[in-house]
Amino acid sequence: MRSREPVLILGAGLMGRLLALTLARAGHPVHIVDPAPDATQAGGAARVAAAMLAPLAESAVTEPNVVAMGRYALPRWQALCEGLAQPVYFQQNGTLILWHRQDAQEAVRFEALLRHTTARLTDLPAPRTLDAQGVAELEPAVAGRFQRGLYLPDEGQLDNRQLLDALLATLATLGVAVQWGTAMTLEQALGWQNDHPDGWVLDCRGLGAREDWPTPNAAGGGPLRGVRGEVARLHAPDVTLQRPTRLLHPRYPIYIAPKPGHLFVIGATQIESDDLSPASVRSTLELLSAAYAVHPGFAEARVLELCAQCRPTLPDNLPAVVERAPRVLQINGLYRHGFMISPAVHDAVIEYLQTGRTDLAQRLGLAFARAEADAPVRTP
């Protein structure tokens, strides 16, 4: 990839913005299109997410390669956030896992899964078991409410909306603008490529790429689907938590991610549905009741938003990169792990663009393939 080769990016979500920034800094003319009418409504699942960077905590519900990508990504986030035009809240104070006495068996199962992961991925710090005093010392706000806990060192979080805004602002300083209100298909992108034969097309549309994703018998193929997630954003002046906190429960485990200014993002719902309607009463009650069970100060919190969004997900719940045609990459399927693994996916894509190699993708277990001949890209 030569320094002046143009790049068309479909989708101004998290992955589209990260790739655009790196490529623009390297001297490439970058053009981004997105169907959202403006920046305030763009970002899809990335705008709704809690942006927790918790590979060990997530290992209970995902594959080892996703955990490896998340571990790789943690120090990369610090580098990616440096030099942005606006500050981004980034924290790496670990994750606190709590449970009520009646859910102790769920905690035994969860801890066994974590220790199995750390035995296989030895660069992950092992979980630390806490008694009541240990919980109180680590997180004074919940002292006296929990008899046991687990602490997962090194895990972190960032402010997703600050990051999305900072990426756009930085792109603007580099002369890269987003063409809002433009829903471009892969077929139309190939028309652009006909006019720019040395250009690259990077498809980062998430669920917007559903109709253009490879067929199930193609490499990296299989239908894209939406997995619905719901979160509450609360302002709780009476609550002070120093790190993301997860409450184990056999039916509705939740996470509480504290952001600056006593803002808290609370979520965990995971529903097999493409439904983008507002949050349900059941999910809202479960999220808010569980938060109150962690800290009574949430009783007087103000509900700023109840958000619902669908994450783009492939059949195996794993991310994939597919080269559909020469100089045409589709990047998709980040599922519920978008912020946790996006630097790893970003670096693997950049490595391929710059060198034609997929060493990092292979090391991290990221599917990186060419579509089969039976899944041709439509040409204009």
Side-chain angles (χ1 to χ4, degrees), residues 49-50 52-71 74 93-139 142-157 227-231 241 243-257 265-272 282-283 285-295 311 313 315-318 335-337 340-341 365:
M52 293 185 299
L53 315 176
L56 182 54
E58 286 294 301
S59 72
V61 294
T62 193
E63 301 298 324
N65 58 331
V66 174
V67 179
M69 289 183 230
R71 180 62 177 167
L74 263 171
N93 285 352
T95 300
L96 177 62
I97 311 294
L98 300 172
W99 58 89
H100 295 298
R101 193 187 305 271
Q102 64 269 25
D103 298 320
Q105 197 57 42
E106 180 68 14
V108 170
R109 184 193 71 84
F110 183 83
E111 183 175 4
L113 289 172
L114 301 193
R115 296 201 181 279
H116 178 71
T117 299
T118 55
R120 294 180 62 184
L121 302 174
T122 55
D123 63 328
L124 281 169
R128 196 172 90 208
T129 303
L130 304 173
D131 57 14
Q133 181 179 346
V135 170
E137 291 174 352
L138 187 71
E139 196 63 77
V142 299
R145 301 186 61 81
F146 297 92
Q147 299 306 305
R148 306 284 293 176
L150 286 173
Y151 175 60
L152 314 185
D154 287 1
E155 299 197 326
Q157 63 160 331
V227 176
R228 177 180 167 93
E230 298 158 315
V231 301
L241 294 176
R243 57 189 52 78
T245 300
R246 298 188 181 218
L247 180 67
L248 297 182
H249 187 279
R251 190 161 66 87
Y252 48 89
I254 72 159
Y255 57 73
I256 303 172
V265 179
I266 300 171
T269 61
Q270 187 172 305
I271 303 164
E272 287 286 342
R282 179 173 65 181
S283 295
L285 287 173
E286 289 177 348
L287 291 175
L288 299 185
S289 297
Y292 175 70
V294 171
H295 195 295
R311 304 121 166 174
T313 309
D316 58 4
N317 294 346
L318 299 176
Y335 182 38
R336 60 179 279 162
H337 309 300
M340 189 179 86
I341 68 173

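Just so it is clear, the model here is predicted, and its values are computed rather than measured.
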Can you sort out the partners of Thr245 under side chain to side chain donor-acceptor pair (under 3.5 Å), two or more places apart, ordered by chain and number?
none
Would you indicate whether Gln102, at its atom CD, is surrounded by more than 12 heavy atoms from other residues, nucleotides or ligands within a distance under 6.0 Å?
yes
Could you point out which residue of Leu241, Leu96, Leu287 forms a side chain to side chain contact (heavy atoms under 4.5 Å, CB included) with Ile256?
Leu241
Closest heavy-atom pair and its distance - His100, Ala293:
NE2-CB, 3.6 Å
Suppose the criterion is side-chain hydrogen bond (donor to acceptor under 3.5 Å, both in side chains): which pairs have a residue in residues 143-155, not counting sequence neighbours?
Thr95-Glu155
The reported gap from CD in Glu63 to OG1 in Thr117 (rounded to nearest 0.5 angstrom) is 10.0 Å
Any heavy-atom pair between the side chains of Pro125 and Leu56 that's under 4.5 Å?
no
Would you please test His249 and Ile254 for side chain to side chain contact (heavy atoms under 4.5 Å, CB included) and show each step?
CA-CA 8 Å; His249 187 279; Ile254 72 159; over 6 Å; no
Show, in sequence, the C-alpha distance, side-chain angles and deciding distance for Val265 and Val231, and conclude whether the side chain to side chain contact (heavy atoms under 4.5 Å, CB included) test is met.
CA-CA 7 Å; Val265 179; Val231 301; 4.2 Å; yes
Any donor-acceptor pair under 3.5 Å linking the side chain of Arg71 with the backbone of Asp123?
yes
Side chains of Leu113 and Ser59: does their closest heavy-atom pair fall under 4.5 Å?
no
Could you walk me through whether Arg243 and Leu138 pass side chain to side chain contact (heavy atoms under 4.5 Å, CB included), step by step?
CA-CA 10 Å; Arg243 57 189 52 78; Leu138 187 71; 3.7 Å; yes
Find the distance between OG1 (Thr62) and NE2 (His337) and round it off to the nearest 0.5 Å.
3.5 Å
For Ala50 versus Tyr255, what's the shortest heavy-atom pair and its separation?
CB-CE1, 3.4 Å
Scanning both residues in full, the closest heavy-atom pair of Ser283 with Ile271 reads OG-CD1, 4.3 Å
Which pair of heavy atoms, one from Gly94 and one from Pro244, lies closest together, and at what distance?
O-CD, 3.6 Å
In Å and rounded to the nearest 0.5 Å, what is the CZ to OH distance from Arg311 to Tyr335?
7.0 Å
Tell me, do Phe146 and Leu247 make a side-chain contact under 4.5 Å, heavy atoms counted?
yes
How far does CG of Leu152 sit from CG of Asn93, to the nearest 0.5 angstrom?
13.0 Å
How many angstroms lie between CG in Leu114 and CD in Glu58, if you round to the nearest 0.5 Å?
10.5 Å
Report the C-alpha distance between Val227 and Glu272 in whole Å, list the side-chain angles of each, state the deciding distance to 0.1 Å, and finish with yes or no for side chain to side chain contact (heavy atoms under 4.5 Å, CB included).
CA-CA 5 Å; Val227 176; Glu272 287 286 342; 3.9 Å; yes
Closest approach of Pro127 and Thr118, non-hydrogen atoms and distance?
CD-CG2, 4.0 Å
Which residue pairs pass the salt bridge (charged side-chain N to carboxylate O under 4.0 Å, His left out) test when at least one of the two sits in residues 107-117, sequence neighbours left out?
Glu106-Arg109, Glu111-Arg115
Quick one: closest heavy-atom pair of Leu98 and Gly149, and the distance?
CD2-CA, 4.4 Å
Output for pair (His116 NE2, Leu121 CG), nearest 0.5 Å, gives 9.0 Å
